[in-house]
**Student:** 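The structure under discussion is supplied below as structure tokens; questions concerning it will follow.
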Amino acid sequence: MSDPIQITVLCFAGLKEKIGTSKFSFSLPVNSSCANFKQRLVTAHPEAKVYSSHLLVARNGSYLNDSDIINNQDELACFPPVSGG
Amino acid sequence: MSDPIQITVLCFAGLKEKIGTSKFSFSLPVNSSCANFKQRLVTAHPEAKVYSSHLLVARNGSYLNDSDIINNQDELACFPPVSGG
Amino acid sequence: MPSNTNSSPENGANAIQLSITEQPIDYNALTESVRSNLCGAVVLFLGTVREVTGDKKTSSLEYEAYEEMALIELRRLIETAMQKWPVKKVSITHRVGYLDLGEIAIGIAISTPHRKEGFEAAQYLMSQIKETVPIWKKENWTDGSTDWVHPEK
Amino acid sequence: MPSNTNSSPENGANAIQLSITEQPIDYNALTESVRSNLCGAVVLFLGTVREVTGDKKTSSLEYEAYEEMALIELRRLIETAMQKWPVKKVSITHRVGYLDLGEIAIGIAISTPHRKEGFEAAQYLMSQIKETVPIWKKENWTDGSTDWVHPEK
């Protein structure tokens, strides 16, 4: 079995408040999808469960789909639905 | 047969330029409608014929319908379709 | 009346401000006049003198108003808009006389609780103004000719 | 670069201006930045802090942005709008940090040849911004409670 990959997670708004930090490292199995990532994030941080089905994930300024594969060293931005304007 | 009624006509924009004046007196038979007035105006001022079917007429700040009756001493504003804004 | 009318911004008496002017339109004042804590949306529309229409070029525009009736008609349109949408405040200024390229012919500012109704009411007012408010536009073309503009119908 | 970028108003390079700021939004500058002799219409929309939502009263708002991505996403939305409508210039500013009642959270100014497309494009941009641009609003209610706002879907 391959070693897990390491990613950096950036959190914003309500998610940041729930988790209590805006940036942290996170491990994932290789070939994890974005959906896998969200599931594991909420498992590791059950205080974020309220957002689980609505969390948005972006990489390099673009939103990811649930099926997109996460790569080693990715920086993923993770946040609740937006409410600007 | 009754004496004709006397009205004052105010002209604006292209109509004023065609007729050459912005305010003049005009005679009409009693019980003339607004449509009668427009017809007689164009007959008296054939240079305004280009506007005839589109002329708008207002009295006291409100548009008149073709069937509205003109009264003695009315001040009628008469002008081409508007184009402000 | 010594009090400044701007000091009571929620006063219904200030809900409608209209003017027809030969001076350049101060759209900043227009916008500021409709702002309100009751509203989440302000829409400002400016109609400006465009240089190109089809294959003709405008050198300047001239607007003429039947001012007395134009103000009555504007107020009537705003009152209708206020029945259709929860509009809090509206300010409209139309310029008359000669306008150069890029200058503002009309400014309309409106405030509403939410944005959807603000956009709808502003669009309604603009299209009605072009139908019924007695103001006329004359194009002075770069080729020296002039035209009183007639709406395309 | 010694030249003033405002001196070439038709320059395509100035067609889009974006910012996210903690300072009060200068909507006059925003509006002025989109004016053009090529356009007959300018639409400005301001989203302002409304006091009342349902039966609750706001004491202040707080906005947080993922600024880097917000600017990318705003530009993407504007480029899409420019493909749908003949938009000449767009300037958008979103404020972050604490806002008092009545203050401006977002200002969007757009210029187009004609008014219909200006209203349409401005509405499109506002609704898309509320869907995809990573900015969040927190309500500080007068009763002392706070809520991160979630869009009604």
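What's counted below: heavy atoms across the whole structure, side chains too, no hydrogens, waters or symmetry copies. Each chain gets a letter, A, B and so on, in the order its sequence line appears, and its residues count up from 1.
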**Student:** Is a side-chain donor or acceptor of C:Tyr63 paired with a backbone partner of B:Ser83 at a separation under 3.5 angstrom?
**Tutor:**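 Answer holds: no.
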**Student:** With a 4.5 angstrom heavy-atom cut-off, is it the side chain or the backbone of B:Leu56 that approaches chain C, or both, or neither?
**Tutor:**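 It is neither, since no heavy atom gets under 4.5 Å.
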**Student:** Give a yes or no on whether B:Asn60 atom CG has more than 12 heavy-atom contacts from other residues, nucleotides or ligands under 6.0 Å away.
**Tutor:**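 No, not enclosed.
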**Student:** Crowded around B:Gln39 CD? As in, over 12 foreign heavy atoms under 6.0 Å?
**Tutor:**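 Result for CD/B:Gln39: open.
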**Student:** Minimum heavy-atom separation for B:Val82 to C:Thr132, with atom names?
**Tutor:**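 The pair with the smallest heavy-atom distance is CG2-N, 3.8 Å.
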**Student:** Please classify the contact between C:Ile135 and chain B as side chain, backbone, both or neither, with a heavy-atom cut-off of under 4.5 Å.
**Tutor:**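 Both parts, backbone and side chain.
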**Student:** Does atom NZ of C:Lys56 have more than 12 heavy-atom neighbours, drawn from other residues, nucleotides or ligands, at distances under 6.0 Å?
**Tutor:**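 Count over threshold, so yes.
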**Student:** Please say whether more than 12 non-hydrogen atoms of neighbouring residues, nucleotides or ligands are located less than 6.0 Å from NZ in C:Lys138.
**Tutor:**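 Atom NZ in C:Lys138 is crowded, with more than 12 foreign heavy atoms closer than 6.0 Å.
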**Student:** Crowded around B:Asn31 CG? As in, over 12 foreign heavy atoms under 6.0 Å?
**Tutor:**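 It does not: B:Asn31 CG has 12 such atoms or fewer within range.
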**Student:** Side-chain contact test, heavy atoms from C-beta onward, threshold under 4.5 Å: evaluate it for B:Tyr63 versus C:Pro134 and give yes or no.
**Tutor:**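 Sidechains of C:Pro134 and B:Tyr63: in contact.
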**Student:** What heavy-atom pair brings B:Gly85 and C:Ala105 nearest, and what distance separates the two atoms?
**Tutor:**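 Smallest heavy-atom distance, with atoms named: O-CB, 4.4 Å.
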**Student:** As an exercise: rank B:Gly61, B:Gly84, B:Ala13 by heavy-atom pairs under 4.5 Å with chain C and give me the winner.
**Tutor:**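 Heavy-atom pairs under 4.5 Å are most numerous for B:Ala13.
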**Student:** Is it the side chain or the backbone of C:Arg95 that comes within 4.5 Å of chain B heavy atoms, both, or neither?
**Tutor:**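 Neither part; nothing is under 4.5 Å.
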**Student:** Under a 3.5 Å distance rule, please check whether C:Trp136 uses its side chain to pair with a backbone N or O of B:Gly14 as donor and acceptor.
**Tutor:**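 Not a single qualifying donor-acceptor pair exists.
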**Student:** Working to the nearest 0.5 angstrom, can you tell me the gap between C:Trp148 CH2 and B:Lys16 NZ?
**Tutor:**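 One finds 6.5 Å between CH2 of C:Trp148 and NZ of B:Lys16.
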**Student:** Taking atom OH of C:Tyr98 as the centre, report whether more than 12 heavy atoms of other residues, nucleotides or ligands fall under 6.0 Å from it.
**Tutor:**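 Incorrect, the count does not exceed 12.
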**Student:** Would you give the length of the straight line joining atom CG of B:Leu10 to atom CD of C:Glu68, rounded to the nearest 0.5 angstrom?
**Tutor:**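 The distance works out to 8.5 Å.
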**Student:** Taking it one step at a time, do C:Glu64 and B:Phe79 satisfy side chain to side chain contact (heavy atoms under 4.5 Å, CB included)?
**Tutor:** CA-CA 11 Å; C:Glu64 178 181 332; B:Phe79 44 79; over 6 Å; no
